[in-house]
Amino acid sequence: MKKKFVYFFSKTLTEGSKEMKNLLGGKGSGLAEMASIGLPVPAGFTITTEVCDLYYKNGRHYPAGLEKEVDENMRRLEKEVGKKFGDADDPLLVSVRSGAPLSMPGMMETILNLGLNDRSVAGLAAKTGNRRFALDAYRRFIMMYGSTAKGIDREEFNHAFEILKIQRTRRRLDLPVQVKVNDTDVNEAELEELVSEFKAIFKRNIGKDFPQDPREQLWGSVDAVFGSWMAEKAVTYRRVEKLKGVTGTAVNVQQMVFGNMGSKSGTGVCFTRDPNSGENVFYGDYLVNAQGEDVVAGIRTPIKLSEFEKADPASYRQLVDVRRILEKNFKDMQDMEFTVEEGRLYMLQCRTGKRSPAASFRIAVDMVAEKLIRREEAILRIKDKDIEGIFYPVIDPAQKEEMRKNFLVSGIDAVPGAASGRVVFNAKEAEAEAARGEKVILVRKETSPEDVGGMHAAQGILTATGGKTSHAAVVARGWGKCCIVGCENLNINYDKEEMSVGDVVVRKGDEITLNGSTGQVFLGSLRLIKPEPPASFKNLMGWVDQTRAIKVRTNADTPYDAAKAVELGAEGIGLCRTEHMFFDTEERRLAIQEMIVADTLEGRISALNKLLPYQKEDFKGIFKAMDGLPVTIRLIDPPLHEFVPHTEEKQRKLAEDIGVPYEKIRYRVEQLHEANPMLGHRGCRLTITYPEILDMQVRAIIEAACECASAGIKVLPEIMIPLTIDKKELQILEMRTRQVADAIIQQRNMKLKYMVGTMIEVPRAALLADQIAEVAEFFSFGTNDLTQMTMGISRDDAGKFLPDYVDEKKAGVFAEDPFQSLDQAGVGMLVRMGIEKGRRTKPDLKVGICGEHGGEAKSVEFCCRVGMNYVSCSPFRVPIARLAAAQAVIKDRLQAAPAKKIKKAKKAAPRKRQKPAKKARILKKKPARIQRKKAPARKSKAAKKAARIPRKTIRARKTKRK
Ligand code: PEP
Ligand code: MG
């Protein structure tokens with residue numbers, strides 16, 4: 001069957017639907033949907049994303065037949081609106097816009113007023129009786145076409161416009177220099193001059209006159225949109241947002257409506273709910289006498305919707321109706337673009353709105369209460385980054401006085417949270433500074449899509465212009481990044497790299513603090529703290545816990561971390577790395593170093609005896625914090641050389657501290673040196689050589705457990721042996737562990753239950769898991785080491801080259817860094833096999849994971865599917881793991897019930913409108929639904945967010961401790 005490349009939409013015939021987002025892009029499917037439910041959408045057509053894909057696959061050539069289809073649809077459009085494309089007297093003008101399946105705000109190209117030329121501009125002026133408007137539309141078109149389709153620097157046009165405003169408009173109006181000249185102050189004669197100047201700029205740059213043929217203009221613009229898909233800013237955005245698997249953008253060609261026809265016209269962007277708080281209130285910006293790009297670019301600061309209601313109540317009422325209809329139809333918060341043309345409302349876009357993390361929770365929970373969606377859907381809508389964002393910092397309110405003294409200026413609170421850092425005025429510099437580990441705040445007059453890399457790298461964003469729906473606000477909101485816009489009293493001087501408010505000057509490199517929740521900017525760096533999560537977070541996480549089938553534990557080595565994790569929902573400790581405790585104080589460090597350099601058993605035991613009380617106290621603290629919950633304690637793991645000093649100065653100091661000759665220390669350190677310590681004397685290989693370390697650690701665990709139990713604390717200790725490679729090896733250590741433990745329990749006449757298990761971190765252990773399970777009572781997959789050893793890639797050095805493996809533009813071997821998201825095909829196969837073999841021997845074998853993957857959403861879903869009992873992760877990732885575990889259950893349920901889904905999809909079959917739609921005043925009744933095309937399956941949006949890259953050295957781990 002012949003492929004269809006173009007889909008038409010209008011009030012009488014619509015070929016697409018909201019289910020066709022992959023093919024028509026977000027904008028195209030939204031327009032089709034709105035047209036089909038009778039909303040006032042200017043007619044048009046969408047060239048599919050498939051064309052974009054083919055265009056790049058065929059070396060930037062369009063597929064055969066596309067031109068013919070576009071011509072046919074243009075004729076349809078002319079018929080629908082009763083105007084001719086290229087007509088000199090009453091021209092059909094169109095907009096050409098991009099629209100990918102996933103939202104990329106401001107990333108792609110838009111060209112408005114296409115079809116205008118020297119003849120039709122006169123026709124438009126005569127037809128509308130508004131010559132100023134016609135000229136304004138023409139100058140915009142020349143600029144957009146020139147810069148977007150032909151690559152002329154936009155600044156050249158802006159500069160010419162500024163000169164005209166200063167030299168002609170300001171003089172004519174006799175305005176003082178401090179008063180800004182607005183675009184709307186420029187009159188007809190001046191616009192006429194500007195159009196000539198813009199055409200001259202075009203000719204100077206391109207060497208040809210501005211094209212007068214509308215067909216040439218159309219294809220030039222379509223080329224520009226498809227070309228923009230691979231522009232640096234778009235590629236950067238997809239990289240930053242980790243948008244993979246989207247193959248192209250669609251192109252939407254739509255009849256123009258004009259918000260720049262005078263004071264009864266305008267354009268706006270709004271959200272059906274507050275995208276910051278999630279509150280069910282109408283939220284947005286409106287700009288009188290303007291075209292769409294003016295709002296998003298933040299060129300003028302718009303008015304609030306409440307003011308729009310006062311200025312034009314009739315149009316506002318129509319918009320309120322649209323809000324209600326759209327939410328009911330899409331069952332989610334929508335972001336809408338609209339234009340009012342002389343009192344008539346037109347919808348230009350609707351898409352699922354980007355929202356702050358707090359809003360994600362509130363909207364999901366409220367929509368369940370409003371019976372718009374079910375709990376399962378609410379859970380699936382939350383992303384791991386929403387959870388992270390809930391805990392974004394706020395300014396510590398205890399600093400009231402500092403805030404009062406250091407207040408600089410106020411702007412519009414675009415994205416909540418707080419951030420502090422050094423001021424930079426350039427996005428590239430922000431990226432470079434952040435790469436050096438600096439915290440920066442990006443300050444711009446307004447942001448543009450080119451700035452996206454720097455915006456992402458910055459802690460926060462501050463702009464002098466723009467409203468809550470400006471580019472800066474929309475993009476930052478998507479990331480939950482603190483952002484203040486429309487800070488009109490801020491004067492930014494890019495040349496001097498400074499900004500000022502009155503006589504206060506802030507230079508590049510000075511520190512400032514932003515409060516994105518209030519819009520306030522402060523001088524200096526204020527203390528930030530973590531906020532209390534909102535009620536909706538607790539509500540939704542309650543549903544999550546009712547849904548998930550596996551437990552979530554935490555990796556914690558201190559009572560503080562353990563208690564924090566319990567607050568975040570941890571149900572036990574899955575990994576307590578005991579070696580971290582050796583560095584807590586000077587005495588501990590000396591004792592472990594003394595043990596390592598001792599050359600007799602007695603010497604080692606004497607040093608270990610010094611460590612025993614410290615370890616015991618630590619374990620007691622942890623048992624207390626985890627009262628009633630299981631605690632897995634791992635015996636010593638890293639190679640001993642990590643514990644001793646490596647510089648002469650430090651070695652001499654150690655010699656002095658513990659009273660042994662320096663030469664002895666130096667000799668021992670040399671002796672401990674290993675060519676490849678990661679594959680050397682570490683893990684349980686250490687306790688095979690030095691079983692006295694195991695004795696001390698087991699003693700500390702069991703004595704602590706006995707003492708806690710006597711004090712009424714419920715203890716469930718699980719002793720874990722790391723890096724096992726063989727059943728016999730494990731057996732030796734397990735027996736020794738039980739000997740020590742049982743002797744203490746007997747001696748104290750107690751009844752204490754404990755378990756002895758092992759980590760599965762080496763491929764051999766996974767392969768021989770059936771044998772190992774004869775000894776182990778539980779398995780915990782240490783996927784940091786298991787990934788390292790399965791891949792043969794050092795976890796410490798992978799950062800140097802692994803990014804090339806993930807970068808699609810380079811090798812693109814892996815979709816994600818396997819140290820962050822579990823390599824399910826390779827490492828995952830060993831995990832699956834290990835569990836199956838282990839349970840063949842011991843059907844009730846308890847199995848968990850404690851590598852960093854235990855807190856990464858996709859890996860957690862995998863762990864659920866292979867039948868683990870729990871995942872364990874760092875405290876702050878516990879809620880992410882809880883969510884992912886619940887989402888796994890829901891996704892599996894949905895997969896198991898495809899029949900229902902098929903039924904639903906069948907309902908959405910092709911359509912042709914049966915009744916003509918009522919005119920612009922929004923329908924009170926829902927219109928007869930048009931039959932629709934069968935929808936292609938919606939792409940699942942798996943939760944993504946990388947876990948931290950695990951580090952191996954003790955020093956690196958220690959820095960993470962509180
Ligand atoms: C692992 O290897 O996955 C693990 C948890 O142990 P560590 O990171 O301490 O080596
Ligand atoms: Mg390990």
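We count ligands from 1, going down the list as the structure has it; atoms in each ligand are counted the same way. If you read the sequence from its start, that first residue is 1, and numbering goes on from there. Owing to the predicted nature of the structure, the values given are computational and were not obtained by experimental measurement.
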> Is the shortest distance from a heavy atom of R634 to ligand 1 less than 4.0 Å?
Replying inline: yes
> With E734, which of Q731, R736, R738 fulfils side chain to side chain donor-acceptor pair (under 3.5 Å)?
Replying inline: R738
> Does R795 approach ligand 1 within less than 4.0 angstrom via side chain, backbone, both or neither, non-hydrogen atoms only?
Replying inline: side chain
>> Quick check: F819 with F814 (ring centres under 6.0 Å apart)?
In response: no
> What are the two closest heavy atoms between E674 and P639, and how far apart are they?
Replying inline: OE1-CB, 3.8 Å
> For I719, which of I633, L635, L694 qualifies under side chain to side chain contact (heavy atoms under 4.5 Å, CB included)?
Replying inline: L635
>> Check whether Y870 forms a cation-pi arrangement with R553 (NZ or CZ under 6.0 Å from the six-membered ring centre, at most 45° off the ring normal).
In response: yes
> N/O to N/O below 3.5 Å, does that happen between E761 and ligand 1?
Replying inline: yes
> What atoms of ligand 1 come within less than 4.0 Å of a heavy atom belonging to M759?
Replying inline: 4 (C), 5 (C), 6 (O)
> At a 4.0 Å threshold, what atoms of ligand 1 neighbour a non-hydrogen atom of C850?
Replying inline: 5 (C)
>> Can you confirm whether the side chains of T578 and Q697 place a donor and an acceptor under 3.5 Å from each other?
In response: yes
> Which N, O or S atom name in E761 marks its closest approach to the Mg ion (ligand 2)?
Replying inline: OE2
> Going by the order shown, which atoms of ligand 1 are within less than 4.0 Å of some heavy atom of L575?
Replying inline: 5 (C)
> In terms of atom number and element, which parts of ligand 1 are under 4.0 angstrom from non-hydrogen atoms of D637?
Replying inline: 10 (O)
>> Of all the N, O or S atoms in D785, which has the shortest distance to the Mg ion (ligand 2)?
In response: OD2
>> So that I can tick it off, tell me whether R548 and E571 are bridged by a salt bridge, with the cut-off set at under 4.0 angstrom between side-chain N and carboxylate O.
In response: yes
